[in-house]
Amino acid sequence: METKPRRSSYVPQEIESKWQKAWEERGVMKASDMSPKPKYYDLVMYPYPSGDLTVGHARNYVMGDVLARMKRMQGFEVLHPFGWDAFGLPAENAAMKRGGIHPQTWTLENIAKGRRELKMMGILYDWDREVISCMPDYYRWTEWLFLLFYERGLAYRAMAPVNWCPVDKTVLANEQVINGRCWRHPDVEVEKRDLEQWFLKITDYAERLLDDLQLLEEWPHKVRVMQTNWIGRSEGAEVDFPVVGMEGESIRIFTTRPDTLFGATFMVLAPEHALVEKVTTEPNRSRVREYVATARKASDIDRLSTEREKTGVATGGFAINPVNGEKVQIWVADYVLVTYGTGAIMAVPAHDERDFEFARKYNLPIREVIAPPGGGGDDLSEAYVGPGEMVNSEQFDGLDSKTGFDRIVTWLEQKGTGKRTVKYRLRDWLISRQRYWGCPIPIVYCEVDGIVPVPVEQLPVLLPDEYKPLADNPDFWRTTCPKCGREARRETDTMDTFVDSSWYFLRYASPHDINEAFDPELANRWMAVDQYTGGVEHAILHLLYSRFFTKVLFDAGMLDVSEPFVRLFNQGMVKRFGQVMSKSAGNGVSPDELVAKQGADAGRIYEMFIGPPEEDVEWSDAGLNGVVRFLQRVWRLVLEPESIMVSGGSASAVDPTLLHRKVAQTIKKVTDDYDGLRFNTAVAYLMELANTMQDYLQGGGARDAGWDAAVRVLVKLLNPIGPHISEEMWERLGEGGPERGLLADATWPEFDAAAATEPQVTLVIQVAGKVRDRVTVSAGLSEEQALASALASDRVRAALNGAKPSKVIYVPNKLINLVP
RNA sequence: GCCGAGGUGGCGGAAUGGCAGACGCGUCGGUCUCAAAAACCGAUGAGGGCAACCUCGUGCGGGUUCGACUCCCGCUCUCGGCACCA
């Protein structure tokens with residue numbers, strides 16, 4: 001067979017910048033607020049401008065870009081904006097490292113760099129809508145939103161034991177403490193301090209944040225589960241245990257197992273509980289005080305470890321179990337948390353593992369009140385925490401524990417010593433940060449008027465130009481009280497950057513609005529976000545906060561939607577040499593490198609093809625070369641088909657109707673896969689189409705109208721993912737032009753179901769329960785006709801080998817029966 | 001410990017209950033070349049057969065079904081999250 005090696009004349013470097021310029025000049029990705037077309041809001045999580053953008057990070061943005069381009073071609077008015085989460089610690093650290101440089105300078109430099117790198121990857125945004133959270137025209141409205149929360153009673157200041165990172169010298173939110181360590185410094189244990197801090201009252205929204213998770217059907221299951229657990233709803237009862245010898249004083253406990261109340265043999269208070277001092281009797285006082293002091297000092301990492309043996313001390317005080325009048329000891333132990341429930345528990349060692357361990361250690365009584373189904377209840381080697389039949393519970397004996405739960409609660413409610421309650425694990429969101437580089441909290445402290453919000457007309461409270469701690473800068477904090485005009489002091493803490501990012505997706509709707517945070521009409525035009533793409537590391541923090549903000553703004557009548565993100569997707573990370581790709585790790589591939597060597601299109605397609613989008617993937621240069629080969633073959637198929645025909649190897653001709661069917665099927669598969677973010681299989685189908693087209697040519701297929709149609713479909717389907725090469729080929733085919741192009745003309749190939757497949761059924765022919773053969777026949781035939789035609793074939797006769805089929809099963813074919 | 005996701009060739013990975021391994025990488029063979037690289041053509045789950053073909057094969061053990069990677073039950077391993085939340 002004759003072969004003529006021929007190199008394709010596809011040279012990405014010669015065409016990519018040309019098209020990037022053309023798109024920008026034509027403004028093809030500018031979203032119109034007035035367009036009559038249906039809207040599509042395609043959002044990627046705005047990044048922190050660390051200056052570390054590699055092709056690994058770009059994978060996320062390519063996904064968003066593929067979707068934006070396809071949706072645009074499909075006739076949607078697409079909002080595909082970008083911005084920067086620009087406040088935050090790394091800027092301050094870098095500023096310190098580089099001696100005297102201002103965090104803003106460093107941040108804006110990185111932003112400029114990042115913008116350029118995104119553009120060279122061919123990723124298109126409506127840059128007119130760019131938001132930068134550290135600029136006054138943005139953070140002014142973050143301040144404004146804080147005041148809105150304050151007005152609505154959702155921002156408050158409180159003294160609280162807080163998580164303090166000794167390295168960053170700032171307070172952290174609960175969500176930013178991981179295993180008792182700082183989220184930024186996995187080696188650094190978080191300390192506990194008591195400080196006056198600002199909180200946002202997210203707990204008011206716990207129930208709705210939980211309930212509405214059910215509406216988010218297009219979120220990853222995993223994220224919904226994580227948020228559910230984080231919010232942590234528990235149904236139970238609060239019960240009052242009167243303190244012995246103290247008239248009118250009682251300890252309120254929370255339990256999820258009121259059915260075990262008769263098994264409560266002692267009580268435990270958290271060390272920080274308000275009644276500890278009161279219930280402690282004299283001989284125990286010094287020991288209790290010592291224990292409490294030690295517990296308060298201990299870091300969470302010590303205190304929360306489950307491996308650690310439980311410790312505690314008896315107070316000497318007693319309380320009365322309200323269900324049976326029994327006197328029970330009151331203990332103090334740090335396994336009870338002051339921040340959950342009421343900070344006090346009834347201990348039921350027979351049916352709670354923690355209480356059991358504690359009772360064993362300190363020889364406290366254990367009484368079984370729930371008998372496991374099937375007996376075996378005498379085993380006291382461990383707590384039985386499951387359901388069962390109530391015993392030792394007086395009038396409730398014999399009830400199953402679930403019924404007992406309800407009966408006991410009702411009884412307590414009638415007696416007035418308890419009530420049904422729901423508790424959440426979620427805590428209020430601590431937003432104060434003792435840092436310079438953040439959004440100022442617009443509050444003034446006046447000796448006369450107390451906490452005074454800065455009047456809206458006086459916003460923004462600007463960060464001073466000089467980079468030093470705000471508390472050390474009297475020019476900043478020295479002010480006058482907006483109410484009485486006396487000397488007053490500004491709040492010198494700034495806000496958690498997660499406040500900035502909790503509403504940026506709304507700002508994109510009207511980014512230049514100087515009168516309000518966002519124009520409700522425009523926000524409602526674009527919201528909710530149809531597709532939100534970003535890392536799973538934000539499964540709780542950012543996504544929970546953004547949902548909270550959206551609900552508050554919904555309640556304030558500023559938004560019509562109460563959930564911000566319809567469909568969420570968490571992409572995997574790109575690794576290289578086994579590590580996440582990054583410049584600092586030294587294993588990064590920069591967009592510059594990639595574009596110079598293989599071109600942006602090959603890089604984009606490779607990143608989509610490399611593996612399932614939600615999985616972490618390993619970058620390999622060999623794999624990238626495979627995509628380069630694919631693009632060169634496409635180029636030759638489209639523009640230089642003669643070179644393919646003469647180099648042919650495949651002898652078998654491809655039937656033209658098979659080519660047409662393949663084309664139709666590919667339209668269906670690729671469209672669905674882009675839509676469903678299954679980019680890896682979308683690329684595979686494009687490759688299959690190219691393979692089929694090549695076989696067709698090499699089998700002597702004519703370059704007729706059908707061929708031309710196939711070529712055009714291939715180019716169009718390729719466009720979202722490999723836009724530069726597609727636009728160039730389109731122009732060279734005579735379809736595009738200086739003012740036109742695939743994206744500008746915006747047409748997407750239509751799926752022709754009739755062309756994609758012919759109605760078929762598969763006959764499964766069996767002899768004695770064993771499959772002998774399968775035959776695909778036209779669906780129009782009756783069973784007899786189908787069988788007769790199947791039996792006429794040599795292959796089936798050979799398979800049967802004289803035997804008679806004992807069974808024939810008709811299987812309707814899939815709509816898409818891909819041609820081999 | 002609890003919750004969740006997942007175990008498919010040498011590798012990344014495809015498969016609405018209907019011919020497992022698409023697509024790509026790698027490897028092997030070939031064409032071209034003085035040669036090599038690149039490019040192109042072909043082969044490539046394992047075992048057997050000159051061959052057409054045959055047998056086995058999706059972590060392990062059962063089950064449902066004419067038919068199971070796919071559904072059900074039990075186990076096991078890996079990864080991710082949470083972790084004294086009463």
Side-chain angles (χ1 to χ4, degrees), chain A residues 1-8 178-179 220-226 228-230 232-234 236 253-257 260 268 270 303-308 310 333-337 339-348 351-355 357-358 385 423-427 536 539-540 606 609-612 614-618 620-627 629-630 632-633 643-644 646-651 678 680-688 690-691 698 761-762 764-766 769-771 773-776 798-799 806-816 818 820:
Chain A
M1 213 161 302
E2 194 195 347
T3 59
K4 241 184 212 162
R6 179 148 156 68
R7 205 179 283 272
S8 150
I178 295 147
N179 289 333
H221 174 73
K222 177 184 173 175
V223 173
R224 292 164 69 187
V225 170
M226 282 168 73
T228 302
N229 293 339
W230 188 263
R233 183 179 198 274
S234 296
I253 61 101
F254 173 70
T255 178
T256 55
R257 294 292 302 272
T260 64
V268 186
R303 213 177 134 174
L304 294 180
S305 162
T306 40
E307 268 107 77
R308 198 177 61 113
K310 292 189 182 9
D334 65 4
Y335 80 91
V336 175
L337 308 174
T339 47
Y340 184 77
T342 58
I345 62 157
M346 65 165 187
V348 185
H351 306 293
D352 182 282
E353 285 164 12
R354 297 151 300 184
D355 298 343
E357 185 194 332
F358 196 78
V385 297
K423 293 280 181 202
Y424 295 92
R425 208 190 77 123
L426 186 71
R427 313 285 155 76
V536 71
I540 295 171
Y606 176 58
F609 182 56
I610 186 169
E614 68 278 11
E615 298 290 329
D616 289 354
V617 292
E618 175 76 20
S620 100
D621 293 336
L624 179 57
N625 285 337
V627 173
R629 277 197 281 273
F630 164 65
Q632 284 179 339
R633 198 164 63 218
S643 76
I644 300 249
V646 296
S647 69
S650 161
R678 294 179 296 269
N680 54 329
T681 46
V683 175
Y685 291 123
L686 288 171
M687 288 173 166
E688 275 192 47
N691 291 346
Q698 294 181 345
V761 294
T762 299
V764 179
I765 299 167
Q766 296 184 346
K770 222 172 162 195
V771 177
D773 201 1
R774 292 156 199 272
V775 188
T776 302
S806 58
K807 190 159 193 172
V808 179
I809 298 154
Y810 292 77
V811 181
N813 266 12
K814 321 170 190 182
L815 173 65
I816 294 305
L818 286 174

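Proteins come first, then strands; the chains are lettered A, B, ... in the order of their sequence lines, and each starts at number 1. Worth knowing before you read on, the calculation uses all heavy atoms, side chains too, and leaves out hydrogens, waters and symmetry mates. From a predicted model like this one, the values you see are computed outputs, not experimental measurements.
- Atom CD of E688(A) is separated from atom P of rA15(B) by 11 Å (rounded to the nearest Å).
- The NZ atom of K310(A) sits 15 Å away from the P atom of rA83(B) (whole-angstrom rounding).
- Judged by distance alone, the side chains of N691(A) and R633(A) do bring a donor and an acceptor atom under 3.5 Å apart.
- Atoms CZ (F609(A)) and C1' (rA14(B)) sit 10 Å apart, rounded to a whole Å.
- Checked by atom type, the side-chain pair Y606(A)/D621(A) shows no donor-acceptor distance below 3.5 Å.
- Taking a pair to require two hydrogen-bonding distances under 3.5 Å in either a Watson-Crick or a G-U wobble arrangement, rU31(B) pairs with rA39(B).
- With rounding to whole Å, Q632(A) atom CD is found 12 Å from rC40(B) atom C1'.
- Look at the P atom in both rC75(B) and rG21(B): the space between them is 33 Å, to the nearest Å.
- Of the C1' atoms belonging to rA20(B) and rG57(B), the separation is 9 Å, rounded to the nearest Å.
- For E615(A) and rG13(B), the CD to P distance is 7 Å, given to the nearest whole Å.
- With P as the reference atom, rA37(B) and rU31(B) are 14 Å apart, rounded to whole Å.
- The distance from atom CG of N680(A) to atom C1' of rA14(B) is 9 Å, rounded to the nearest whole Å.
- One can place CG of D616(A) at 14 Å from P of rG12(B), the figure rounded to the nearest angstrom.
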Base versus backbone protein contacts along nucleotides 77-82 of chain B [heavy-atom cut-off under 4.0 Å; B, S, -]: ---SSS
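- Aromatic ring pairs are classed by plane angle as parallel below 30°, tilted from 30° to 60° and perpendicular above 60°; the pair F358(A) and Y335(A) is tilted.
- For the pair K423(A) NZ and rA86(B) C1', the computed distance is 12 Å after rounding to whole Å.
- Remark: rA5(B) base-pairs with rU78(B); criterion is Watson-Crick or G-U wobble with both hydrogen-bond distances under 3.5 Å.
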